[in-house]
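Structure in structure tokens, see below.
Order of listing sets the numbers, starting from 1, for every ligand and every atom in it. What you are looking at is a predicted structure, and each value in this text was computed from that prediction instead of being measured.
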Amino acid sequence: MDETTGLSLPSELLLLWHAHRTEILLSAGLFLACLRLAIHWRRTRSKAVLTPPLGSPVDQKPSLLAKQHLAEAEHYVSSPTSLSKNAKPGPKRVTGVKRTKSSPVDVLPTSINNIQPLIFYFSLGGSTRSYAETLQQSLNTNIESEAKILQPILHDLTAIDYDDFFISPPKSDKPNTAHFYVILLPSYDISTELENFLEHLDETHNDFRIDTAPLSRLAGYSVFGFGDQQDWPTEERGYCKDAVEVDKWMARLTGRKRAFPLGIGDVKADAGERLEEWTVGVQAAMVDIAHGRGLGEGVPGSGEAVESADEAELDDDEEDAETPPSSKKQRKPIKRSQTSDLEDLKAPIPVDFTTTTTTKQPSPPPKPTAPKPMVPVNSPTHTSLTKQGYTIIGSHSGVKICRWTKSALRGRGSCYKYSFYGIASHLCMEATPSLSCSNKCVFCWRHGTNPVGTTWRWEVDPPGMVFEGMKEGHYRKIKMLKGVPGVRAERFQQAMRIRHCALSLVGEPIFYPRINELLALLHGERISTFLVCNAQHPDHLAALDHVTQLYVSIDASNKDSLRRIDRPLHRDFWERFLRCMDILREKRYQQRTVFRLTLVKGFNVEDEAEGYADLVARALPSFVEVKGVTYCGTSTSAGAGLSMQNVPFYEEVSAFVLALESALERRGLDYGIAAEHAHSCCILLADKTRYFKPSAEHGGEERWHTLIDYVKFFECLESGRDFGPEDYVGSPTAEWALWGRGGFDPRDERVDRKGRPKVVEV
Ligand SMILES: Cc1cc2nc3c(=O)[nH]c(=O)nc-3n(C[C@H](O)[C@H](O)[C@H](O)COP(=O)(O)O)c2cc1C
Ligand code: SF4
């Protein structure tokens, strides 16, 4: 081998370098620039789910003021941006750690001795700065007694180096101290330093050298946004948009450590008040962390919030907003217990013939046995119901967060009862004092897990205990939602005061022997009540005290159809059903009474309009709610011959309602189609003689009045005098809820199942 060849190579390279170094340097520079651009383009900033708060005005055109603000913009853009310390030249300092599979997102120092709140703010005009200073003061004053929470430190985002705080949490002088970030931001639709801040968060999350959740060692964080609703009326149009964005990036960077929902306030209206309320919540969250109670069960590391859904429509969208696809958890299908039905457990079912009109001799009553719990702890029924998200109270009651409650908390709309009767779903508790039912309806998605029986033969829990358990279970579940993306601080706080109770969850509420005492407790706290019963317990129905609205499920218009669809346990089910109709007729002067029809194609729709009209003529309810069945896909429903084919389209429900309206007219009954909620496939017929009347708000024109005046209801109740449904009729039904308008509040944002904005077609 020629030795010189090896030796001469470096000198040739050197010569080459000297001859072509400009080209080489230029090409290398070009290559690096292309690489940088490619990385940058790959990052797509996710679209925020924009959620108008309750009470935000209906879409308005941006006013002239917007132009004025833009004129002011020039003055704003200039100053602090260029002075910013954080716009450091040179490469980013990488201090985060590359997370391995084994390192969990929610690592905290093993024993936290102290929480150090850091308040970050950005301000051009000065208002956010002054809010931040007020917040610091109020936290200072209020946490004096909380030894574990240190005095908050204020940071102007334009005066800090982002790398010191937003790549990894800063080091504290005190051992075992975790930081809690409180971020106060205005929004600007012009170029400001805020853009750099957002970009920094984006880059940190997407920097392949840094852990995607480098701030997971924070104790928690919460963001508050200031905006101007006059010019940016809804979040869709940019109201508080920067705070919404920062909240999302922080969720990603911290591995979802949102300790309290995003708060927003209008600087021209309620900002101060909203901030005060939000401060209370943030402070409570810090105290919880300081006492080792964590961030709440709804955030990673402390158990997943298994929420109610309409069961057929499981909400899987909240994860999408913040969780990178790779780390998304798969929802495990709920295993249904094989033996959870009491009937299947071979428990003897005593049959109650007390109200039958049959001439047959009743069979001898069963031997008296000591009452047992309806749903014993550790029983398969208990396990199954708990797995489905029910909180079991005592031995026979339950409470569960309805999917609409969750939807309303996120500004994505309430259930049809909001459109028809004015009940905001985030203020509503869904509960039952009796998990047992006397039917096995083919469309019931709870069937297979709820106990059934014809008489009450179980222990009776005291109403006080049932009521307290319901509230506790409900509030606990609400609290679990505080870290869920899109939940707004204002609604979250409102939800901590139950205003309405839907006694309908599962089972038969009037079956509970002390139902009237429970109602009194609910009304005592000014919680209105909608009670749904299945028209199988006439004696209980007759003895029932006043409720805000009394429902009877009308699942068929004739005996055969009812047997097929409800599969009642009572042999005299039809006689019971008819007796309930007569009781309802008597009660119509005291209560708002409602027929609830659930349409199941092939079971109870075809040719039944006339039969239903006869039942309406017999009971004369205030309202008839007609709803298409929701397919639950359980083996039980499949066994009963139910499939997606049995779910009627909205047009079919509409056609049925029109047929029913005509059938009622032929009977001389003055009912009309008052409202609709197309999203839930639900339409409301109402008695025109009582609920279609002149409206002062509309210059004396006749309007539907389906809403309820809840304050008046309680005043009537508390007065002790006799009163009827006319005494608590509310304001006219909203225009958007009327028949033909769709029934979706325009102030809420409609999204599809993946959380994407949806266009409503009516
Ligand atoms: C030029 C300009 C643009 C604005 N853009 C928005 C916006 O897009 N969304 C919003 O909600 N508020 C917007 N606002 C309102 C400000 O966020 C609001 O006035 C805020 O209180 C300003 O805070 P600061 O005084 O701390 O800078 C804008 C205001 C100005 C002057
Ligand atoms: S009324 Fe029923 S559906 Fe509506 S929010 Fe309450 S529980 Fe949910």
(message) Under 4.0 Å between a side-chain nitrogen and a carboxylate oxygen: does that hold for Arg741 and Glu676?
(response)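 No, Arg741 and Glu676 are not salt-bridged.
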(request) Could you tell me which atoms of ligand 1, counted from 1 in the order shown, lie closer than 4.0 angstrom to a heavy atom of Cys240? (result)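 Numbered from 1, ligand 1 contributes 10 (C), 11 (O).
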(request) Would you mind running through ligand 1 and noting each atom that sits below 4.0 Å from a heavy atom of Tyr239? (result)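 Going through ligand 1 atom by atom, the ones under 4.0 Å from Tyr239 are 11 (O).
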(request) Tell me yes or no: between the side chains of Tyr221 and Asp247, is some donor less than 3.5 Å from an acceptor? (result)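 A pair is found: one side chain offers a donor N or O, the other an acceptor, under 3.5 Å apart.
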(message) Can you name the atoms of ligand 1, numbered from 1 with element, that are less than 4.0 Å from a heavy atom of Phe226?
(response)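 It comes down to these atoms of ligand 1: 17 (O).
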(message) Residue-level breakdown please: for Trp232 versus ligand 1, do any non-hydrogen atoms fall below 4.0 Å on the side chain, on the backbone, on both, or on neither?
(response)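 Under 4.0 Å from ligand 1, Trp232 contributes side-chain atoms alone.
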(message) I need the contact type for Ile190 against ligand 1. Using non-hydrogen atoms and a strict under-4.0 Å cut-off, is it side chain, backbone, both or neither?
(response)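 Within the 4.0 Å criterion, Ile190 contacts ligand 1 through side-chain atoms alone.
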(message) If only side-chain N and O atoms count, and only distance matters, is there a donor-acceptor pair under 3.5 Å linking Glu193 with Asn196?
(response)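 Yes.
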(request) Pick one of side chain, backbone, both or neither for how Ser127 approaches ligand 1, counting any non-hydrogen atom pair under 4.0 Å. (result)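 For Ser127, the contact with ligand 1 is made by both the backbone and the side chain.
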(message) Keeping Asn206 on the side-chain end and Asp202 on the backbone end, is there a donor-acceptor pair under 3.5 Å?
(response)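 Yes; judged by distance alone, with no hydrogens or angles, the pair exists.
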(message) Any carboxylate oxygen within less than 4.0 angstrom of a Lys/Arg side-chain nitrogen, looking at Glu245 and Lys248?
(response)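 Here Glu245 does not pair with Lys248 in a salt bridge, since their nearest N and O are not under 4.0 Å apart.
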(message) Quick one about Thr405 and Ser425 (side-chain donor to acceptor, distance below 3.5 Å, no hydrogens or angles considered), yes or no?
(response)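 No pair is found: no donor N or O on one side chain lies under 3.5 Å from an acceptor on the other.
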(request) Quick one: look at Gln229 and ligand 1, take heavy-atom pairs under 4.0 Å, and tell me if it's side chain, backbone, both or neither. (result)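 Near ligand 1, Gln229 shows nothing, with every heavy atom at 4.0 Å or more.
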(message) Closer than 4.0 Å to some heavy atom of Val267 - which atoms of ligand 1 meet that?
(response)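 Near Val267, meaning under 4.0 Å from one of its heavy atoms, ligand 1 has 18 (C), 19 (O), 21 (O).
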(request) Show which atoms of ligand 1 fall inside a sub-4.0 Å distance from at least one heavy-atom site of Gly126. (result)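 Contacts of ligand 1 toward Gly126, numbered from 1: 24 (P), 25 (O), 26 (O).
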(request) Using a strict cut-off of less than 4.0 Å between a Lys/Arg side-chain nitrogen and an Asp/Glu carboxylate oxygen, indicate whether Glu735 and Arg703 qualify as a salt bridge. (result)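 Counted as a salt bridge, because a side-chain N and a carboxylate O are separated by less than 4.0 Å.
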(message) So if I count the atoms of ligand 1 from 1 in the order they appear, which ones are less than 4.0 Å from some heavy atom of Asp228?
(response)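 Going through ligand 1 atom by atom, the ones under 4.0 Å from Asp228 are 10 (C), 11 (O), 12 (N), 15 (C).
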(message) Closer than 4.0 Å to some heavy atom of Lys241 - which atoms of ligand 1 meet that?
(response)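 Reading through ligand 1 atom by atom, the close ones are 8 (O).
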(request) May I ask you to decide if Lys241's main-chain N or O and Ser187's side chain share a donor-acceptor pair within less than 3.5 Å? (result)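 Checked: pair present.
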(message) Counting only heavy atoms closer than 4.0 Å, does ligand 1 sit against the backbone of Thr128, its side chain, both, or neither?
(response)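 Looking at Thr128 and ligand 1, atoms from backbone and side chain both fall under 4.0 Å.
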(message) With ring pair (Phe, Tyr, Trp, His ring centres under 6.0 Å) as the test, pick out the partner of Phe197 among Tyr162, Tyr188, Phe165, Phe120.
(response)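 Exactly one pass, corresponding to Tyr162.
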(request) Show which atoms of ligand 1 fall inside a sub-4.0 Å distance from at least one heavy-atom site of Gly238. (result)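 Atoms satisfying the 4.0 Å criterion: 7 (C), 8 (O), 9 (N), 10 (C), 11 (O).
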